[in-house]
Amino acid sequence: MRDRLAASDPGLLRLTAGLRTVTAIALTLAVLAALRVPVPQLVAGAIAAMVATFAIREKSRAQQAITLALGLPVALASVSLGALLNQRVVAGDLFFVALIFSAVYGRRFGDRGTALGLIGFQVYFLSLFVHATTALLPALCGVICVAFASSALARFVLLPQTPAGTLDRLRRAFRARLAQLIAVQAELLDAGPDDVDTVLEDLRTATARLHETALMIQGRLEDGTSEPAVARLLQRRIADAEIASERLGLLLLTARSAERTDTLTLHLPGAHLPSGGALPVRDEATEALRRDLEALRLLMLRPVGEARGTALAHLRNRLLGYRDEENLPKASPAVQDVFRGLGEAARAALGLRVALDGALDESDDSPATVRSRAELDAEDAAIEAVDAGAESGGEEPEPTGLRRPTTRAAVQVAVGSSLAIAGGELLSSQRWYWAVLTCWIVFINTASTGEILVKGYRRLLGTVLGVVAGIGLAGLVGHHTWTAFALVLLFIFAMFYTAPLSYTLMSFFVTAMLGLLYTLLNTYSLSVLVLRIEETALGAACGVIAAAVVLPIHTDRRTNELLVQVLERLEVVTRAAVEQLSGGAGADLVEQARELDQALADLRAATDPLTHPITPMRSRRDTARYVVALLETCAYHARSLAATAELLPTHPSIAADPRLSGACARILHNIGAIAEHVADPRSPVMTETGPSIASMLEPGTLRTPRYGRVTDRVLRHLQRLDEAVSGLARPLGVPRPAAGAGGKVKPVT
């Protein structure tokens, strides 16, 4: 159960956020109840504690403490101005718009600017919600001080969260997700024709979740480790394990299929195995494969305290033995490839365990295990010798003026909030602020009109469902104050726990909680909740209008910009990896591959409006999914090339091959041509075609045992990368040479 929880919530980040917020609110309510303050002030304290807890996102405890200390005077100033301007409609509205602009603009100053802006906005909203007046101001200031003190106690004493502790939990989550992926791969062996597509979809999901956790770990390595060399080593071992497990899945797919499986099968939603997937076979080799997949899963899962002893050493030795040709069972070439993949995955698992948990007992090692340890030690020494401070590339110039994202967003949300205030006042002079809140929220973490539209739709849907739940809960709770507060705490926990998973669910819990708060304030009625829906719809509409009219960034423009960034980083990683494999100077390939993965994650998020189920443009949705899947295929092969290149200085079976640089020239040209065409569709640049990558090298060098030289594997990655890059040209409309002008390129399967 612990492993399942760790895998479902990497780093326990959602669980910690929910528990910490609920704890801060509960402490605040306990103190205020002991002081016998009235219910409206209890509500104000609960909201202030929630804001003081969730607004701060910095990783360092010292930085969190500074931001929390700065947030208190910001909150006191905000509630004071809210109380003073409560009866001055025009002045209050103008100040609210200025506050919103400042809060959004403050995001350019990093996590602290974002947190202080959020605190200022939400506390001003609090003053409107509880109808603050100058007479109540001293009491409200006292309540806010209690809330901030409770938040500090929950954050730093009761539920502390250090970067090192978070990283440790993320690493546990990575191992758990790795074990889950291997379990799904084992299911693929036994899946019948009717079940294979379902298992294949589970395989895609498990692979994507593992990659997500790897990115989370890599983003926290610098803060969670003591030395740059340690961070670099962990980054490398995480990347090795991810690549080895993904490759094992591809080899299993090929073994299941009657023909070669394209890498795209693992990345494109809805893709099927060629010929529907062969029937499961039950012979000696495949039975051994089932057994060894389970053994690999156990090795991944076992914590260091349970990873000792002869039995586990025997499993490790057997799996690592598959790296030698003489230990492979008699089977078809495709099944033998899977056993080779098992050996490489076991080596990656050994490296990951040593990097995470330290050295293990070596008394029962076989010669294959001793050799693998020696290779890992040599790689570790090479990694430690690298200057961790070397820069991978120059810094891109930051946009200025209205081109800066924070400035543009601040102007847009200020205009949208002005429209929401005007429209909200027409709907209700008492609760117009709900429209402003919705307009504000739909701009958070969005960068295009399409993203704002989708977020507004999800918030409206969650609000409607929450109103229905609120009606039922208000009738059940009645005037039982502490029962209502208990349900409020439960909904707040659910809100934070589900926020990264579903914005609709989060909006549902927020609205249901508000129904209970209205009950506590004795202002609940069906008309109030219906008004909540109307104000939410109005706020979302104002946000979309502002984003579409004021300095708009259309979804196409946003996705094109991110697509160019992905292609540029893909070109950098591929060029550096091939140069190193050709005998050139080394580079920080793992860091460059991480930047590629992060750029691809940003693009995937930006295409959400294009691939959303409600989009009316079905062909455009399919094209977006196809392009992203092709890019994920490209990223996989680029990561694999980078990982192989970093083995070059230490691995005994890898030698530089100068001809690889020439073989890669067409791939690099085509990546650049596609990026140039996306940036400027009028560009006359064309992609190049030609013979397959393998045929561009002299055949004599390929007459070696299939896995005797890594050149063979590098060629396969280059060939698949060449096919995927060429496949990108068609959906993106990049011109290609006329037939016969430059030979043929092997099409994407």
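This structure is a prediction, so every number in the text was calculated from the model and none was measured.
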Taking every non-hydrogen atom, the tightest pair across [X] and [Y]:
X    : Y    : value
R569 : A599 : CD-CB, 3.6 Å
L630 : A724 : CD2-O, 4.0 Å
D602 : L562 : O-CD1, 3.6 Å
A638 : V573 : O-CG1, 3.9 Å
R297 : A183 : CD-CB, 3.8 Å
A346 : L319 : CB-CB, 3.6 Å

[X] with [Y]: basic N within carboxylate O range, under 4.0 Å:
X    : Y    : result
E201 : R204 : yes
D9   : R14  : yes
E212 : R209 : no
K330 : E284 : no
R594 : D597 : no
E287 : R290 : yes

With M216 as partner, the option from L167, T166, L13 fulfilling side-chain contact (heavy atoms from CB on, under 4.5 Å) is L13
Per the side-chain contact (heavy atoms from CB on, under 4.5 Å) rule, which among V627, V566, L567 passes with L603?
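So, applying the side-chain contact (heavy atoms from CB on, under 4.5 Å) to L603 and each of V627, V566, L567, only V566 qualifies.
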[atom1] of [X] to [atom2] of [Y]: how many Å apart, nearest 0.5 Å?
X    : Y    : atom1 : atom2 : result
D202 : D195 : CG    : CG    : 10.5 Å
L250 : D337 : CG    : CG    : 11.5 Å
T574 : D722 : OG1   : CG    : 11.0 Å
I217 : D168 : CD1   : CG    : 10.0 Å
R232 : R237 : CZ    : CZ    : 11.0 Å
Y322 : N317 : OH    : CG    : 12.0 Å

Any donor-acceptor N or O pair under 3.5 Å, side chains S372, T369
no
Between L289 and L252, is a side-chain contact (heavy atoms from CB on, under 4.5 Å) present by the stated rule, with each step listed?
CA-CA 10 Å; L289 190 55; L252 280 165; 4.1 Å; yes
Show the numbers, then the answer: is there a salt bridge (Lys or Arg N to Asp or Glu O under 4.0 Å) between E723 and R720?
CA-CA 5 Å; E723 294 171 1; R720 306 305 287 165; 2.5 Å; yes
